[in-house]
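Presented below is the structure to which this report refers.
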Amino acid sequence: MRNRRLGRGFTVLALTLLALPAVPGTALAEPTYPFRDPHLPVSARVDDLLGRLTQDEKISMLHQYQPAIPRLGIGLFKTGTEALHGVAWSTDIDNNGAVVKARGTVFPQPVGMASTWNTDLIRQVGSAVGDEARGYHAQNPRVWGLNLWAPVVNLLRDPRWGRNEEGYSEDPMLTAAISTAYGSGMTGGDPDHLKSAPTLKHYLAYNNEVRRDVTSSNVPPRVLNEYDRAAFKPAIAADAATGVMASYNLVNGRPATVDPDLTTVVRGWTDQPLLNVTDAWAPNNLIGSQGYYATLPEGNAAIVKAGLNSFITDDTNAQPTVTAIKQALATGLLTEGDIDARIRETLNVRFRLGEFDPGGGRFGGITPDVINSPEHQRLARQAAGEAMVLLKNTRQALPLDPARTRKVAVLGPLADTLYSDWYGGDLPYEVTALDGIRERLGDSASVSGLDGADRIALKDPATGRYVTATGTTDADPVAATGAGAELAAQFDVVDWGQDVVTLRNAANGRYLGYNWGPFVTRDEQPNGWYVQQQFKLEPQADGAVALRYVGYETKESWFGPDRYVTVGDDGALKLGASTAAEATHFSREVVSSGIDRAVAAAKAADTAVLVVGSNPFINGREAHDRTSTALSAGQSALVKAVAAANPRTVVVLQSSYPVTIASEQERVPAVVWTTHAGAETGHAVADVLFGDRNPSGRLTQTWYRSDSQLPPDLLEYDIISSGQTYLYNRAKPLYPFGHGLSYTRFRYGQLRTGAHSVAADGTIAVSVDVTNAGARAGSEVVQLYTHQRTSRDKTPIRQLKAFQRVQVAPGQTRTVTLRLPAADLAHWDVTRSRWVVESSTYDLMVGASAQDIRARAAVRVRGETIPARDLSRPTRAENFDRYAGVRLVDETKVRGTAVGATAAGQWISFDGSALRPGARTFTASVARAGAGAGAVEVRLGSPTGRLLGTATVPSTGDDYRYVSTSTKLAGAAGKQDVYLVFDSALRVADFSIR
């Protein structure tokens with residue numbers, strides 16, 4: 001039994017005795033307060049400390065930077081160190097909140113880590129990250145806090161989401177398994193003693209960056225429960241996380257920052273106190289961009305009551321939060337009890353972190369020696385290797401034979417470069433693909449490297465002068481002053497897609513960037529929040545090019561109209577034109593063709609390894625979604641040319657998201673995918689290409705053939721009605737969910753089940769023999785999918801329910817047994833707002849991917865039959881079966897979800913409803929902010945079916961002011977599909993037909 005449960009018997013008298021002053025003359029430096037006694041239950045220690053805090057001190061603890069309390073010997077506590085795939089960065093309160101980057105072990109991006117399908121490995125990675133967080137904390141606890149903001153649990157339903165790299169999978173079960181493993185490693189696996197305190201991001205239904213603070217995710221109850229919540233619950237329930245971060249978006253009309261789930265649903269998943277946090281500056285959005293509350297005291301009070309403990313806002317300045325909270329207390333919007341509840345939860349986490357224990361508690365002895373330790377480097381190499389997915393392998397192209405592969409051309413924009421991302425730390429060292437292959441083959445082999453970029457010079461025709469770099473600092477402006485196309489006037493052009501390019505100076509290797517003016521060649525890589533190293537070279541009718549600046553700040557509303565580069569009289573480059581016609585038209589002189597050089601190198605090589613893909617700072621990231629998942633035109637042309645020059649070309653595709661490479665992959669015999677995998681990327685690439693590691697990674701997302709297989713609108717969150725992800729999408733993908741090849745072959749036997757029928761509270765044991773039919777040892781990921789043959793509701797085409805990695809030696813057969821509780825077959829019943837296991841036959845499918853099913857069986861589950869809807873009872877409008885046009889909206893600002901119509905003809909349906917004989921009255925709770933009256937039609941069978949009656953919806957003047965309306969209905973009885981059809985903008989919270 002956990003210590004906190006033991007504290008219930010402690011009395012006030014006992015605590016008072018423990019708090020008596022120390023005997024004069026003892027060596028104690030401070031009073032022996034009970035909260036410092038590690039032998040007491042955590043709950044008793046929290047109670048003692050909370051009782052000693054003044055109201056002002058408690059209020060101060062609501063901000064991200066919880067100040068020191070010297071009179072009690074309490075130091076600064078800060079929420080938030082980024083640790084998505086290694087300790088990444090934090091902020092320094094002593095330097096105005098400046099970002100401080102870590103330089104420790106960087107593991108593969110999360111979408112890559114999940115591709116290992118190896119929870120044991122991910123738990124080790126999480127443990128290493130927790131160790132390094134402790135190591136940094138030992139260096140400087142004022143910068144490096146132990147409340148870690150990771151992992152990201154948002155589901156990867158659409159690969160166009162700019163933050164795809166941060167998540168794990170489009171599947172909730174796999175996401176839950178990986179996040180639980182990572183979080184368990186970070187916590188140390190002891191609920192009473194935390195190595196670190198991970199926070200799950202971002203609650204909830206957050207998959208878009210465009211207008212992310214003002215868009216509302218429309219999430220019907222089934223999607224909410226079966227998909228979005230399902231990804232978050234397991235890690236919280238397993239004590240693998242100590243809280244969640246609220247997302248920026250709105251969910252069904254209500255800002256996630258004040259989502260009542262945070263104090264009800266989420267806290268109901270565990271009996272441990274949680275420390276929930278806002279996202280950065282989100283409290284201010286409530287009264288700013290979202291306009292949800294009129295004043296900061298109102299908004300802050302709502303945040304506290306909704307269940308958030310830490311306000312991440314105003315950088316290091318806590319005063320606005322403190323002032324607003326005090327005003328909320330003074331005006332009755334909050335009570336001190338409301339604040340006590342949040343601080344009690346925060347203190348619980350701080351105690352479990354060992355802050356008030358001698359020596360920092362169980363994990364307090366971890367030193368900075370763990371940072372980037374040899375052990376962690378080895379683990380990073382293993383993780384990078386296991387994350388790689390062999391997408392295609394024909395003509396025995398892979399693995400390469402090192403004895404026969406003596407001349408290799410390593411080509412492409414990522415051949416000799418490793419890119420970081422916003423939530424990754426600085427790499428302490430770099431092993432590129434070129435490095436790894438050279439090391440693997442040794443000095444006797446010939447390994448060359450080329451990036452395949454065109455090298456160009458830009459000349460101002462008006463002066464005949466060339467755009468030239470003058471240095472690598474902010475004081476060295478780039479200007480059109482060069483007399484000739486010398487090395488400093490040459491730039492390597494890399495195409496990242498949608499015509500966006502980077503320009504790397506040939507003389508100093510630095511990237512051309514805007515830097516708010518002047519233009520400079522300062523940066524070793526594209527980086528920063530606004531990523532100011534992005535340009536477009538736009539061809540003009542006169543044969544010249546206009547240089548358009550497309551750094552990310554140009555997408556902001558405050559950026560001015562001038563986006564095009566002009567040359568001043570002194571040769572200085574500046575943004576001086578709003579159109580290409582007004583811009584300087586540069587002559588684009590090709591010094592050398594990247595494709596020509598790459599083709600020549602490929603022709604001269606035994607094998608060409610072509611490393612192409614994405615740049616995490618350019619091809620979508622936080623605040624920027626993708627408009628396409630296609631490989632850039634320039635890189636696609638490089639693949640085509642090199643593959644034609646050397647048929648033994650293999651592609652290593654490095655990206656943070658699925659790429660639509662249908663035509664590119666047809667041209668080469670083998671394709672390996674890797675995410676941006678950290679410092680050990682090159683070693684891992686070489687390990688896989690030369691067969692030192694048999695690839696075992698599996699895709700965690702569907703790879704589509706083209707963008708046309710995705711919904712037209714990225715903001716479509718209802719995966720069920722819109723048919724998204726492998727669960728509901730019937731289009732033939734390029735590579736299916738779970739796909740990944742091996743250098744050996746695995747043969748599956750027949751699927752065996754313990755019984756042909758099972759009760760809803762029973763367990764299905766599924767066994768299959770897996771034989772390695774090849775000559776190499778390898779790991780197979782055995783995946784169990786289910787399909788419900790009959791249901792009242794639309795159910796997934798197939799759904800992952802269990803998986804197991806199994807290592808199999810050549811010729812060996814291993815039996816894999818997966819246990820499936822029948823309860824895991826439940827789905828959300830909208831008619832009764834609860835989980836239900838329906839009586840049905842369920843297909844059990846085991847295989848190597850969602851579409852590579854090797855063995856099947858079926859089992860009959862004795863569950864229940866969902867009864868016909870009883871509309872005589874109050875029925876929540878949100879629990880419709882189907883809909884058209886309407887949006888889910890906030891019933892009140894505090895709780896509840898209603899249906900909001902915005903135009904005539906929109907409707908919701910309630911299928912299979914049992915209308916009682918004599919049911920003649922429709923009654924509904926409705927609101928209408930607009931002037932005049934609206935109407936709700938009650939129809940049968942279809943939106944244009946038989947009209948039973950029309951209820952008038954009067955103007956209530958406010959979306960949140962509801963009134964009851966009713967109307968008499970024509971006679972109808974029996975089982976019917978009932979439609980509510982709306983004539984205008986109005987809201988319906990609930991209704992009944994009696």
Side-chain angles (χ1 to χ4, degrees), residues 115-121 169 171 173-174 177 386 389-394 396 398-399 691 693-700 726-727 733 735-759 762-789 796-825 840-862:
S115 299
T116 67
W117 292 59
N118 187 339
T119 53
D120 290 338
L121 173 64
S169 172
D171 180 78
M173 182 265 171
L174 180 58
E386 288 196 22
V389 181
L390 181 60
L391 295 176
K392 177 182 179 179
N393 192 23
T394 58
Q396 296 182 319
L398 292 177
R693 176 178 298 279
N694 193 341
S696 59
R698 302 293 184 266
L699 297 180
T700 67
Y726 85 97
L727 296 166
Y735 298 116
F737 175 86
H739 171 75
L741 304 178
S742 171
Y743 292 152
T744 190
R745 294 177 293 110
F746 296 101
R747 187 173 62 243
Y748 285 63
Q750 291 186 339
L751 193 62
R752 304 184 297 276
T753 61
H756 297 297
S757 178
V758 66
T763 298
I764 306 163
V766 178
S767 297
V768 64
D769 292 336
V770 178
T771 301
N772 185 339
R776 292 173 177 265
S779 292
E780 174 70 323
V781 180
V782 180
Q783 303 163 39
L784 171 64
Y785 297 88
T786 64
H787 171 69
Q788 184 175 340
R789 291 187 183 177
I797 302 166
R798 66 195 69 81
Q799 185 168 12
L800 181 72
K801 291 297 181 181
F803 64 90
Q804 183 176 324
R805 278 179 62 99
V806 56
Q807 179 75 13
V808 191
Q812 181 185 21
T813 297
R814 294 193 59 180
T815 299
V816 175
T817 299
L818 302 169
R819 299 182 66 80
L820 174 63
D824 287 355
L825 298 171
S840 181
T841 297
Y842 292 78
D843 293 314
L844 308 175
M845 301 167 283
V846 168
S849 81
Q851 295 195 350
D852 184 5
I853 302 302
R854 307 290 185 86
R856 297 172 179 266
V859 64
R860 181 71 186 176
V861 176
R862 302 185 302 277

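When side chains are defined from C-beta on, Val766 does not count as touching Val768, because their heavy atoms never get closer than 4.5 Å. Within the 4.5 Å cutoff, side-chain heavy atoms of Gln783 are placed close to those of Leu800. Two residues are said to be in side-chain contact when any heavy atoms from C-beta on lie closer than 4.5 Å; Pro733 and Gln851 meet this criterion. Taking 4.5 Å as the limit, every side-chain heavy atom of Val389 sits out of range of all side-chain heavy atoms of Tyr735. Two residues are said to be in side-chain contact when any heavy atoms from C-beta on lie closer than 4.5 Å; Ser779 and Glu386 fail this criterion. Taking 4.5 Å as the limit, every side-chain heavy atom of Asp852 sits out of range of all side-chain heavy atoms of His739. Within the 4.5 Å cutoff, side-chain heavy atoms of Leu820 are placed close to those of Leu844. With contacts defined as side-chain heavy-atom distances shorter than 4.5 Å, the pair Tyr842/Val758 does not qualify.
Closest heavy-atom contact between Thr817 and Ser767: OG1-OG, 2.9 Å. Across all their heavy atoms, Ala850 and Tyr785 have their closest contact at N-OH, 3.3 Å. Smallest separation of non-hydrogen atoms from Ala857 and Thr753: CB-CG2, 4.0 Å. Here the closest heavy-atom approach between residue Ala775 and residue Pro810 is recorded as O-CG, 3.5 Å. Nearest heavy atom pair, residue Trp117 against residue Leu699, reads CZ2-O, 3.5 Å. Looking at every heavy atom in both residues, Val859 comes nearest to Ser757 through CG2-N, 3.9 Å.
No donor-acceptor distance shorter than 3.5 angstrom exists from the side chain of Thr771 to the backbone of Ala773, with no hydrogens or angles considered. In terms of modelled atom types and a separation under 3.5 Å, the side chain of Arg698 and the main chain of Ser849 share no donor-acceptor contact. When atom types are taken as modelled, the side chain of His787 and the backbone of Pro796 share a donor-acceptor pair closer than 3.5 angstrom. Within the 3.5 Å criterion, the main-chain N or O of Thr700 finds a donor-acceptor partner in the side chain of Ser169. Here the side chain of Arg854 pairs no donor or acceptor atom with the backbone of Val770 at under 3.5 angstrom. Of the possible donor and acceptor atoms, one in the side chain of Asn772 sits under 3.5 Å from a partner among the backbone N and O of Val808.
Atom CG in Leu751 sits 10.5 Å away from atom CE in Met845 (nearest 0.5 Å). Summarising the geometry, atom OG1 belonging to Thr763 is positioned 5.5 Å from atom CZ belonging to Arg819; distances are rounded to the nearest 0.5 Å. Interatomic distance, Ser696 OG to Leu741 CG, rounded to the nearest 0.5 Å: 12.0 Å. Here the straight-line distance linking atom CG of Asp769 with atom OG1 of Thr813 works out to 6.5 Å at 0.5 Å rounding. The distance from atom CG of Leu121 to atom CZ of Arg805, rounded to the nearest 0.5 Å, is 8.0 Å.
Other residues, nucleotides and ligands contribute only 12 or fewer heavy atoms inside 6.0 Å of the CD atom of Gln750. Environment of CZ in Arg860: crowded, with over 12 heavy atoms of neighbouring residues, nucleotides or ligands closer than 6.0 Å. By the 6.0 Å contact criterion, CZ on Arg752 is enclosed, its count of non-hydrogen atoms from other residues, nucleotides or ligands being greater than 12.
Checking each of Val782, Val816, Thr119, Leu818 against Phe803 for a side-chain contact (heavy atoms from CB on, under 4.5 Å) leaves exactly one that passes, namely Thr119.
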Go through Leu727 and Phe737 one step at a time and tell me if the side chain to side chain contact (heavy atoms under 4.5 Å, CB included) criterion holds.
CA-CA 9 Å; Leu727 296 166; Phe737 175 86; over 6 Å; no

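Using a 4.0 Å cut-off between charged side-chain N and carboxylate O, Asp843 and Arg798 make no salt bridge. Glu780 has no carboxylate O lying under 4.0 Å from a charged side-chain N of Arg745, or vice versa, which leaves the two without a salt bridge.
Defined by atom type and a distance below 3.5 Å, a donor-acceptor pair is missing between the side-chain atoms of Thr786 and Gln799.
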